[in-house]
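Taking it in order: structure first as structure tokens, then the write-up.
Numbers restart at 1 for each chain; the letters A, B, ... are given by sequence-line order, proteins then strands. Basis for what follows: all heavy atoms, side chains included, without hydrogens, waters or symmetry-related copies.
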Protein chains: 2
Amino acid sequence: MLSKSEENYLKAIFHLSVKTEKGISTNAIAQQLDTKASSVTDMVKKLSEKGLVLYVKYHGVTLTDKGEKIAANVIRKHRLWEVLLVQKFNFNWDEVHEVAEQLEHIHSKKLINEMDAFLGFPKHDPHGDPIPDKDGNINFLEKSLLSTIGVNMKAVCIGVKDTSSDFLRYLDKQEIALGKEITVLEKEAFDNSMLIRIGANEFTISQQIATNIYVKNKE
Amino acid sequence: MLSKSEENYLKAIFHLSVKTEKGISTNAIAQQLDTKASSVTDMVKKLSEKGLVLYVKYHGVTLTDKGEKIAANVIRKHRLWEVLLVQKFNFNWDEVHEVAEQLEHIHSKKLINEMDAFLGFPKHDPHGDPIPDKDGNINFLEKSLLSTIGVNMKAVCIGVKDTSSDFLRYLDKQEIALGKEITVLEKEAFDNSMLIRIGANEFTISQQIATNIYVKNKE
DNA sequence: TCAAATTTTTAGACTAACCTAAAAATAAAT
DNA sequence: ATTTATTTTTAGGTTAGTCTAAAAATTTGA
């Protein structure tokens, strides 16, 4: 049974690996986990001895199949807990992260599988991120940033990149939510801000906002 | 914020305090937590410095109001989680303990209060033990051991003393469950076994069984 | 009451996970 | 290509929580 800390390292490496093909650097992991590079070196050695990562000194880390499966399972648990909190316990999507960080380390296969069934086998967490299945497979769906959508095009909001409370509460305030259709009305060349329509509302969003919303093109 | 270990010590002291008025001995705590007396001494010193227990060297420990409230809250969480597992996640009452031991250390007031509401503010856990309220008050209801019930008397099963899987599965097999009416038909003076009736079934139970079932007298 | 048995505490050591500071290796840049 | 900057590792130290073994206090009992 892995410790909470070991699980957090595997999860961090997993998330960093999504963007890069190369080995994950010590510093990148340290940054992700808000810890020091020396601590990372220690832990990575341990994970390597346990056969969960491939580690070549000075050349970064990669997850083994075994490590990847464990990481995916931690993420599966995190995201299923988030769904439970939002759907059953009246949590807002900006309130779930901290608690899910704790809950993801609860060890009980029965618990997580029953919860999955109880929730109707959800495919995505409250932020639109895919939930890995029992075997650790993730269904990465294709998604674009809202900022890349052309004028007069329509798109459906399917996720968020930033999951900070500030950002999510901004979206709540503007009534931007998963599943909502967004029409791009104008783009301002100077600052890349956009005029968009959601339902009956029209308003302007900054580039920073537009680069943190994932959408699916609507034909 | 207390550590898991500190919370477990407070919980152990709380449980031991129910039976005794005196200070709880180092050895008793060590036995309860399956640890060594020297470890207990160390931890008890720390809890004392934090104002959670009163500790006089060589003379045992008592919870302060603050410590008692925290302990009751851990127990509240443990028992609410057990209800969730049984009522929503198809756990049997002999399967909940291990997972609840983990879940009781999750820190989130909102989570536990929402869960309480979601479950309809249950008063008892799946073993019949009372669930402390938000302020740490426990409603100790009066209960007798089945072994003390006289011949030809009726009683309702309201709890169990032993919560081991073996015992609980025995009760399942015999269809003894919370809320069931039990009639004592005969008592054997030699070994204190009893012949009882539950519904249409009549069978004999040993003294060991009878001293682990809590009942409420029926007039 | 005072010696023996028991309980409790102290002293010192261990592990996991972290840290700082210095050394070593790699990468960047003139 | 060799100096400079950056990254990574090593060395040694800290804290929480545990342990063993020995010392101290309390309790038991003849």
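- Side-chain contact between A:Leu54 and A:Thr64 is present, with heavy atoms from C-beta onward closer than 4.5 Å.
- If you check every strand for non-hydrogen atoms under 4.0 Å, A:Ser5 touches sugar and phosphate atoms only.
- For D:dT6, neither phosphate oxygen OP1 nor OP2 lies less than 4.0 angstrom from any side-chain nitrogen or oxygen of A:Asn27.
- With rounding to whole Å, A:Glu49 atom CD is found 11 Å from C:dA16 atom P.
- In this structure the side chain of B:Val160 reaches within 4.5 angstrom of the side chain of B:Leu168, judged on heavy atoms.
- Between the CD1 atom of A:Ile29 and the C1' atom of D:dT7 there is a distance of 13 Å, rounded to whole Å.
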So if I define the base as every atom that isn't primed, P, OP1 or OP2, how would nucleotides 20-26 of chain D read as a B/S/- string at a heavy-atom cutoff under 4.0 Å? B---BSS
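- Whole-Å rounding puts the A:Gln31 CD to D:dT7 P distance at 10 Å.
- Applying the 4.0 Å criterion to OP1 and OP2 of C:dC19, one finds that A:Thr35 has a side-chain N or O inside that range.
- Spacing between atom CE of A:Met43 and atom P of C:dC19 amounts to 11 Å, rounded to whole angstrom units.
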Identify every side-chain donor-acceptor pair in residues 70-88 of chain B under 3.5 Å, counting partners at least two apart or on other chains, and give the distances.
| unit_1 | atom_1 | unit_2 | atom_2 | d |
| --- | --- | --- | --- | --- |
| B:Arg76 | NH1 | B:Pro132 | O | 3.1 |
| B:Arg76 | NH2 | B:Asn113 | OD1 | 3.2 |
| B:Arg76 | NH2 | B:Asp116 | OD2 | 3.1 |
| B:Lys77 | NZ | B:Glu104 | O | 3.2 |
| B:Lys77 | NZ | B:Ile106 | O | 3.0 |
| B:His78 | ND1 | B:Glu104 | OE1 | 2.8 |
| B:His78 | NE2 | B:Glu82 | OE2 | 2.8 |
| B:Arg79 | NH1 | B:Pro130 | O | 2.7 |
| B:Trp81 | NE1 | B:Leu103 | O | 3.3 |
| B:Glu82 | OE1 | B:His127 | ND1 | 3.3 |

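- Within the 4.0 Å cut-off from OP1 or OP2 of C:dT9, at least one side-chain nitrogen or oxygen of B:Tyr55 is found.
- Going from atom CD of A:Glu6 over to atom P of C:dT15 covers 15 Å, rounded to whole Å.
- Taking each heavy atom of B:Asp94 and B:Ser165 in turn, the nearest pair found is O-OG, 3.0 Å.
- Here the side chains of B:Tyr9 and B:Val53 are not in contact, with every heavy-atom distance at 4.5 Å or above.
- Closest non-hydrogen pair, A:Phe91 versus B:Ser108, comes out as CZ-OG, 4.0 Å.
- Set against D:dC19, C:dT9, C:dC18, the side chain of B:Asp42 has D:dC19 as its closest nucleotide.
- Look at CG on A:Asp34: it is 11 Å from P on C:dC18, rounded to the nearest Å.
- The residue A:Lys4 sits apart from the nucleic acid: no heavy atom pair falls under 4.0 Å.
- Nucleotide C:dA16 holds its P atom 17 Å from the CG atom of A:Asn8, rounded to whole Å.
- For the pair B:Ala210 and B:Ile205, the tightest heavy-atom approach, listed with the atom from each and the gap, is CB-CD1, 4.0 Å.
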